[in-house]
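See structure below.
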There are 2 protein chains.
Amino acid sequence: MRADAKRNRDRIVEVARLVFREQGYDAPLDEIAKRAEVGAGTLYRHFPTRDDLVDAVMQSWVDSVDTAVDKALAHEGDGRAVLMAWLETYVGLISLHRGGPAKITTAMGDPESPIRSKCQVLAGANQRVIERLTDDGVLRDGVEPLQLCRLVGGVATVADQSELDAPTVRSLLEVVADGLVRQP
Amino acid sequence: MRADAKRNRDRIVEVARLVFREQGYDAPLDEIAKRAEVGAGTLYRHFPTRDDLVDAVMQSWVDSVDTAVDKALAHEGDGRAVLMAWLETYVGLISLHRGGPAKITTAMGDPESPIRSKCQVLAGANQRVIERLTDDGVLRDGVEPLQLCRLVGGVATVADQSELDAPTVRSLLEVVADGLVRQP
DNA sequence: AACGATACGGAGAGTGTCTCCGTTTAGCAA
DNA sequence: TTGCTAAACGGAGACACTCTCCGTATCGTT
């Protein structure tokens, strides 16, 4: 890739992150192009669809998912507390910008979505948590990573759209957590 | 309201229901105006925002919610089975058209939304189910109607966007149901 | 320095939303 | 029936956003 191309690409992603933070993932792409001081053509050449751009912006946290899992698994307390820690971390990750949860959950159902790779990362993270907690006898059998993605994605989507506060989100996640743990 | 106005209004709603069924709640409003053989101005005078129109289309099932609750509560089986019957009914109600769950859940967080009245009806329905199942000792204490709206709305939204099949949706609802019932 | 490949920019076409205002019509009163 | 007025109509067009096309500019190599 030519040097000027890379320069432009990087600047677009940088500006996009800013604009998405301000306005959510539905922000007009033309504004991003304008603020990045490139033509619309340049933006669309680098990122043919909005989701390609969203994907590039999301890339930053992908690398931190693994350490987030480690951190949640190291949470002190019983198995359910560990699970809750992870669920809250998960919601936080995908709720970084407004519209994020919806984007992720939609992508989960669309094999063509560029954001799909992010879903795989999240599913992988869930996989790790599930394995650990199943071994510990905390989770009931048969919990699938995708199932967890969907349940928590659903809660995060509602929370994002209704701008719920943290305690309210926690009360929803607690129902999910209780539904997942092995019934005593 | 003048007779011709009512005639047009009714025809718009009728056509809208058809178009929404075909294309989901994101269908272009101009097409609805065209197919209803009215000018765009007429459509927007009767329904200033898309949600006003969506609300009018949804009005039809509002009246059937109460009987749906009765039916679910009459479901044979233990308390958990009754709860599951209701959850599935609920998802079915709000998933009538593509985009419906998202519309409802968004409206739930927006006090200004015209669809808000529909949410109240659904919350009322949940209230009835909660009261009955709490009396029976099935549900744990402190389950709120809104909480149920959000949890099931989240599941329905994901299911709608990912076009999940019934068994998959059921598996998600079962986790929610297990999280809601009194732990033995 | 010259050249070909690569990338740029922004005008403009396409699509959907929504308003404005000149024209038409329903319904009432004389 | 006729005339009148408030209510309702319709659709052209302004606006907003998406996305493409192609003439122009730049990079990096020979």
query = Any side-chain donor-acceptor pair under 3.5 Å between A/Asp70 and A/Thr67?
reply = no

ask   = Is the distance from OP1 or OP2 of C/dC8 to the nearest side-chain N or O of A/His46 less than 4.0 Å?
value = yes

Just the table, please: protein N/O against nucleotides 28-30 of chain D N/O, every pair under 3.5 Å.
unit_1, atom_1, unit_2, atom_2, d
D/dG28, OP1, A/Ala3, N, 3.1

request  = Tell me whether A/Met58 is reachable from A/Leu18 by hopping between hydrophobic residues (I, L, V, M, F, W, Y) whose side-chain heavy atoms are closer than 4.5 Å.
outcome  = no

message = Below the 4.0 Å mark, does C/dG9 have OP1 or OP2 next to a side-chain nitrogen or oxygen of A/Thr42?
response = yes

request  = Quick one: which residue pairs count as a salt bridge (charged side-chain N to carboxylate O under 4.0 Å, His left out) with a foot in residues 92-105 of chain A, not counting sequence neighbours?
outcome  = A/Asp51-A/Lys103

note = note: A/Lys6, atom NZ; C/dT6, atom P; distance rounded to Å ~ 19 Å

inquiry  = Could you check whether B/Thr157 and B/Asp160, counting side-chain N and O atoms only, form a donor-acceptor pair closer than 3.5 Å?
reply    = no

Can you tabulate the close N/O pairs, meaning under 3.5 Å, that link protein atoms to atoms of nucleotides 16-19 of chain C?
unit_1, atom_1, unit_2, atom_2, d
C/dT17, OP1, B/Arg50, NH2, 2.3
C/dT17, OP2, B/Leu29, N, 2.9

ask   = Rounded to whole angstrom units, what separation is found between the CZ atom of B/Arg45 and the P atom of D/dG11?
value = 12 Å

Nearest-angstrom distance from the residue atom CG of A/Leu43 to P of D/dT18 = 10 Å

Pair up each side-chain donor or acceptor in residues 79-92 of chain B with any protein partner under 3.5 Å, not counting sequence neighbours, and list the distances.
unit_1, atom_1, unit_2, atom_2, d
B/Arg80, NE, B/Asp178, OD1, 2.6
B/Arg80, NH2, B/Asp178, OD1, 3.2
B/Trp86, NE1, B/Asn126, OD1, 2.8
B/Glu88, OE1, B/Arg170, NE, 3.3
B/Glu88, OE2, B/Arg170, NE, 3.2
B/Thr89, OG1, B/Ala85, O, 2.7

Name every donor-acceptor pair, under 3.5 Å, that has one atom in a side chain of residues 35-48 of chain A and the other anywhere in the protein, sequence neighbours excluded.
unit_1, atom_1, unit_2, atom_2, d
A/Arg35, NH1, A/Glu22, OE1, 3.2
A/Arg35, NH1, A/Glu31, OE2, 3.1
A/Arg35, NH2, A/Glu22, OE2, 3.2

task = Starting from P on D/dT18, measure out to CD1 on A/Ile32 and report it in whole angstrom.
result = 9 Å

ask   = Is there any salt bridge (charged side-chain N to carboxylate O under 4.0 Å, His left out) pair reaching into residues 52-63 of chain B, and which pairs are they, with sequence neighbours excluded?
value = B/Asp55-B/Lys118

task = Could you tell me the separation between the SG atom of A/Cys149 and the CD atom of A/Gln127, rounded to the nearest 0.5 Å?
result = 10.5 Å

ask   = Below 4.0 angstrom from OP1 or OP2 of C/dA7, is there any side-chain N or O of A/Asn8?
value = no

